Protein chains: 2
Amino acid sequence: MVGALMRRPTIVDIAKAAGVSKGAVSYALNGRPGVSDRTRERILTIARDLGWVPNGPARALAPGGLVGAVGMVVDRPASELGAEPFFTRLVSGIEAELTGSGVDLLLQVTADVESEAAAYRRWAAERRVDGVVVVDLRESDYRTELVRELPLPAVVLGGPEGADGLPCLWTDDAAVMHEVVHYLAALGHRNAVQVAGPECFRHTGARAAAFAEAAREAGLKSAATVHADYTGDEGTRVTRRLLAHRDRPTALVYDNDLMAVAGLGVAAEMGIPVPDELSIVAWDDSVLCRLVRPSLTAVSRDVEANGAQVARMLTRLVAGEPVHAVESTRGELVPRDSTGPLTES
Amino acid sequence: MVGALMRRPTIVDIAKAAGVSKGAVSYALNGRPGVSDRTRERILTIARDLGWVPNGPARALAPGGLVGAVGMVVDRPASELGAEPFFTRLVSGIEAELTGSGVDLLLQVTADVESEAAAYRRWAAERRVDGVVVVDLRESDYRTELVRELPLPAVVLGGPEGADGLPCLWTDDAAVMHEVVHYLAALGHRNAVQVAGPECFRHTGARAAAFAEAAREAGLKSAATVHADYTGDEGTRVTRRLLAHRDRPTALVYDNDLMAVAGLGVAAEMGIPVPDELSIVAWDDSVLCRLVRPSLTAVSRDVEANGAQVARMLTRLVAGEPVHAVESTRGELVPRDSTGPLTES
DNA sequence: CCCACCTCCTGAACCGGTTCAGCCCACGGC
DNA sequence: GCCGTGGGCTGAACCGGTTCAGGAGGTGGG
């Protein structure tokens, strides 16, 4: 609209137009003391008229300046990520919180832990982000130490054990797992298997421990945990092996919804009626669980809300405010058609 | 390792250590002429020893400097995105290409077209990205004009119609749709319905037109297109309505895999055997199609490869090299258990 | 022998912001 | 009337790179 200026207006243009110095413009635009209200008003008007927008790199370059971006590295094989709704939901939640505050999200998908560490290093060294969200906490995870020494402000999704004192948003998976197991026991199941995620993850260990403990409490005869890698393919393989067993389990608890869908498919292919002879519980309740038939009983978590919450925590952390460990709303067991009382055969 | 320096090393530190000027260091590090091979070698060694990494904002700030990031805005409701594998696969593919070249991906999820436009404007004005990937081309899409006038280097995933001359990676959906329809006709189907995506998208229109034309060619008696919004819920609703009809279709072609899974669920709930009385084809073959039972016949595309390709095109465009429209590898019909000959009832 | 030219390098400007020291001036108190 | 105070603003430094004009010194040709 202002045809005179080809390049984008800078604060120098504003300063010239207002007849003041760069410094005064900066004070005015940032709402800091140092200019009178009259002058501030005039400068703001001119800035608006010129269509001025702060230049990101320039802001970031100034001492103490922020980049206005946060990063998240997802270290899972691309093949698995595709159909796994969890991360997309998490990203949606984070975005929802960041949008409007002018902070961008940098997403990186890596294939191994080394690449993930390299990403953090690069982001810190090149000053690409102001902070990061750390997900999928592992047993003896050196990333907590890494972000601390870089240093790179970080909020952990998970913990609090293993978060190493970093601010974190954690869930009491154990409590929900108890609820799940007691529910299955009440339905008459005595032989259950947990198809868990990879052993390296902390939340896997926590859930597995809770599964075993709850099974003891509930008096289950058999309650094993087998580990898989969250992919549909391995969910299929593992389930096939489990159901081919002579003394096969009558209840399966999956650590994500994709494997649960795979398990349901295997039951169908083997002619095992669900839920009459086999009950299935999925962890993380995406739309998938409602779409398949029979629909899947699932542990529902508000992943989007968690994403938003973790983004808020990171924003505050970057701003220098104190941030502590927060417990997120607990998951909720949503019974559907894939679980039921064992029918005598 | 070098304990003397608390802050990150800058080129000034390197210059001091090497006894040369800032300029010489810059030439050496960027592989430009202006320094002797001996000096260059010395500077590079010192840089490596100090652990120097270029500062992103500083580089971007210099005239003609690049930010080292590209952006993608996905304008779909968060609820739908979660379980939709397409975008996650696309992001994985883009990442795979960008990783290693030191270019980051900024992802934004918006709820409407205005927010998407605002994102482009902000990214251009604040200099957050060097270019963008434009997806989900719409009928009369003003984004092509927008990126052109901002200006913001952009590559379109889709087109070439509607790409408005921008470099694009397009697919010949029509050809595959013909294949699908003739396949269904060969199986004996005469009454098919396409459950398409939202009408506003260009690829929806292209596929619908191809569906109608192929149906005419193949001599189908009835071939309607109904529009849905890609969500599982609407897939369920639409399918229920279609199958409740007195003269219900015997073949359904879905525009994405999530709706196809939903459709399969509805068929199960209504007791309509698949594929005996109903054939189902999904567009986009994610792992989901292989997991459900019966497994879904699908049009398979290498979405990851497309992502990588579009990232490569954008990288070249940003570098100032000429980039033209490219046709991606065509989708492929993968028959599975959800399609079959119509059995007389 | 002198000049032109090339190689290698320096010094300084520049990108667009932020911030700090310090100046000017009005005003209030004694 | 004089001094202290503080609000309002300026000028300059600074962040960490890139780039350009130009200088020093060596080399080759006429």
Side-chain angles (χ1 to χ4, degrees), chain A residues 5-44 46-47 50-68 102 122 124-128 130 320, chain B residues 5-44 46-47 50-68 102 122 124-128 130 320:
Chain A
L5 217 48
M6 275 315 289
R7 51 180 183 73
R8 299 210 150 272
T10 72
I11 56 167
V12 175
D13 299 315
I14 301 177
K16 276 196 197 124
V20 295
S21 70
K22 276 171 71 176
V25 175
S26 179
Y27 290 140
L29 292 171
N30 290 297
R32 312 179 53 111
V35 284
S36 67
D37 288 350
R38 255 183 50 79
T39 311
R40 180 186 307 275
E41 203 53 51
R42 192 157 46 91
I43 290 174
L44 288 177
I46 292 173
L50 290 178
W52 177 85
V53 174
N55 178 300
R59 266 214 165 137
L61 187 54
L66 292 179
V67 178
R122 189 172 68 81
E126 297 184 1
R127 296 225 44 217
R128 309 297 279 240
D130 297 319
Chain B
L5 218 50
M6 276 314 291
R7 50 179 183 75
R8 300 211 151 270
T10 71
I11 56 168
V12 175
D13 299 315
I14 301 176
K16 276 195 195 124
V20 295
S21 68
K22 277 172 70 176
V25 174
S26 179
Y27 291 140
L29 291 172
N30 291 299
R32 312 179 53 113
V35 284
S36 66
D37 289 349
R38 256 182 49 78
T39 310
R40 180 186 307 274
E41 202 55 50
R42 196 157 44 92
I43 291 175
L44 288 177
I46 293 174
L50 289 178
W52 178 84
V53 174
N55 179 300
R59 260 208 171 143
L61 187 53
L66 292 179
V67 177
R122 189 173 67 82
E126 297 184 2
R127 295 226 41 217
R128 310 296 280 237
D130 296 321

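So you know, we letter chains A, B, ... as the sequences are listed, proteins then strands, and number each from 1. Note that the structure is a prediction, hence the values are computed from the model and not measured.
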S.K.: When you measure from the side-chain N and O atoms of B/S26 to the phosphate of D/dT18, is any distance below 4.0 Å, counting only OP1 and OP2?
M.R.: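 Answer yes for this pair, as a side-chain N or O of B/S26 is under 4.0 Å from OP1 or OP2.
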S.K.: Below 4.0 angstrom from OP1 or OP2 of D/dT19, is there any side-chain N or O of B/R32?
M.R.: yes
S.K.: Base, sugar-phosphate, or nothing: which does B/V53 touch, judged by heavy atoms less than 4.0 Å apart?
M.R.: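 Counting heavy atoms under 4.0 Å across all strands, the contact made by B/V53 is with sugar-phosphate only.
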S.K.: Expressed in angstrom and rounded to an integer, what is the separation of B/Y27 atom OH from D/dT19 atom P?
M.R.: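 One finds 8 Å between P of D/dT19 and OH of B/Y27, rounded.
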S.K.: Taking the side chain as every heavy atom from C-beta outward, state whether A/V53 and B/R122 have any pair of such atoms under 4.5 Å apart.
M.R.: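 Counting from C-beta outward, A/V53 and B/R122 never come under 4.5 Å.
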S.K.: Write down the distance between CZ (A/R127) and P (D/dG16), rounded to a whole number of angstrom.
M.R.: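 Those two atoms, CZ and P, are 9 Å apart.
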S.K.: Is B/R7 paired with B/D13 through a side-chain N to carboxylate O contact shorter than 4.0 Å?
M.R.: yes
S.K.: Students often get this wrong, so: under 4.0 angstrom with heavy atoms, is A/G19 touching a base, only sugar-phosphate, or nothing?
M.R.: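 The residue A/G19 makes sugar-phosphate contact but no base contact.
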S.K.: Using a cut-off of 4.0 Å on non-hydrogen atoms, how would the nucleic acid contact of A/S36 be classed: base, sugar-phosphate, or nothing?
M.R.: sugar-phosphate
S.K.: Counting only side-chain nitrogens and oxygens, does B/W52 get under 4.0 Å of the OP1 or OP2 atom of D/dG17?
M.R.: yes
S.K.: Under 4.5 Å between any side-chain heavy atoms of B/N55 and A/L61, yes or no?
M.R.: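 B/N55 reaches A/L61 side chain to side chain.
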S.K.: Where the side chain of B/D130 meets the backbone of B/L66, is there a donor-acceptor pair that is under 3.5 Å apart?
M.R.: no
S.K.: Measure from CZ on A/R38 to P on D/dG7 and round the result to the nearest Å.
M.R.: 19 Å
S.K.: For a quick check of understanding: with a heavy-atom distance under 4.0 Å over all strands, which category does B/V20 fall into, base, sugar-phosphate or nothing?
M.R.: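 Since only primed, P, OP1 and OP2 atoms lie under 4.0 Å of B/V20, the category is sugar-phosphate.
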S.K.: Is A/R59 close enough to C/dT18 that one of its side-chain N or O atoms is under 4.0 Å from OP1 or OP2 there?
M.R.: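 For A/R59, the contact criterion (side-chain N or O under 4.0 Å from OP1 or OP2 of C/dT18) is met.
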S.K.: Provide, to the nearest angstrom, the distance between the CZ atom belonging to A/R128 and the C1' atom belonging to D/dG16.
M.R.: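 Taking atom C1' of D/dG16 as the reference, CZ of A/R128 is at 14 Å.
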S.K.: Output yes when at least one side-chain N/O atom of A/N55 is less than 4.0 Å from OP1 or OP2 of C/dC15, else no.
M.R.: no
S.K.: Please report the distance, rounded to the nearest Å, between CG in A/N30 and C1' in C/dC20.
M.R.: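 To the nearest whole Å, that distance equals 15 Å.
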S.K.: Can you tell me if the side-chain N/O atoms of B/T10 get under 4.0 Å from OP1 or OP2 in D/dC15?
M.R.: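 Answer is no, no contact under 4.0 Å.
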S.K.: Check whether any side-chain heavy atom of A/L29 sits under 4.5 Å from a side-chain heavy atom of A/I14, and report yes or no.
M.R.: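 Contact flag for A/L29/A/I14 side chains = yes.
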S.K.: Does a side-chain N or O of A/T39 approach OP1 or OP2 of D/dG8 to a distance below 4.0 Å, or not?
M.R.: no
S.K.: Let me know, please, whether B/L61 or B/G23 comes out on the 5' side of the other along DNA chain C by nearest nucleotide.
M.R.: B/G23
S.K.: May I have the distance from B/L50 (atom CG) to D/dG16 (atom P), rounded to whole angstrom?
M.R.: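 So the two atoms are 14 Å apart, to the nearest Å.
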S.K.: Once you round it to whole Å, what is the distance between P of C/dC9 and CD1 of B/I11?
M.R.: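 Result: 16 Å.
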S.K.: Figure out the CD/C1' separation between B/E126 and C/dC15, and round it to whole Å.
M.R.: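 Nearest whole value for this atom pair: 17 Å.
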S.K.: State, yes or no, whether a side-chain contact exists between B/V12 and B/K22 at a heavy-atom distance under 4.5 Å.
M.R.: yes
S.K.: Counting distance alone, no hydrogens or angles: does the base of D/dG11 have a donor or acceptor under 3.5 Å from a partner atom on the side chain of A/K22?
M.R.: no
S.K.: Between B/G34 and B/A62, which has a closest nucleotide on DNA chain C that is more 5'?
M.R.: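 Counting from the 5' end, the first nearest nucleotide belongs to B/G34.
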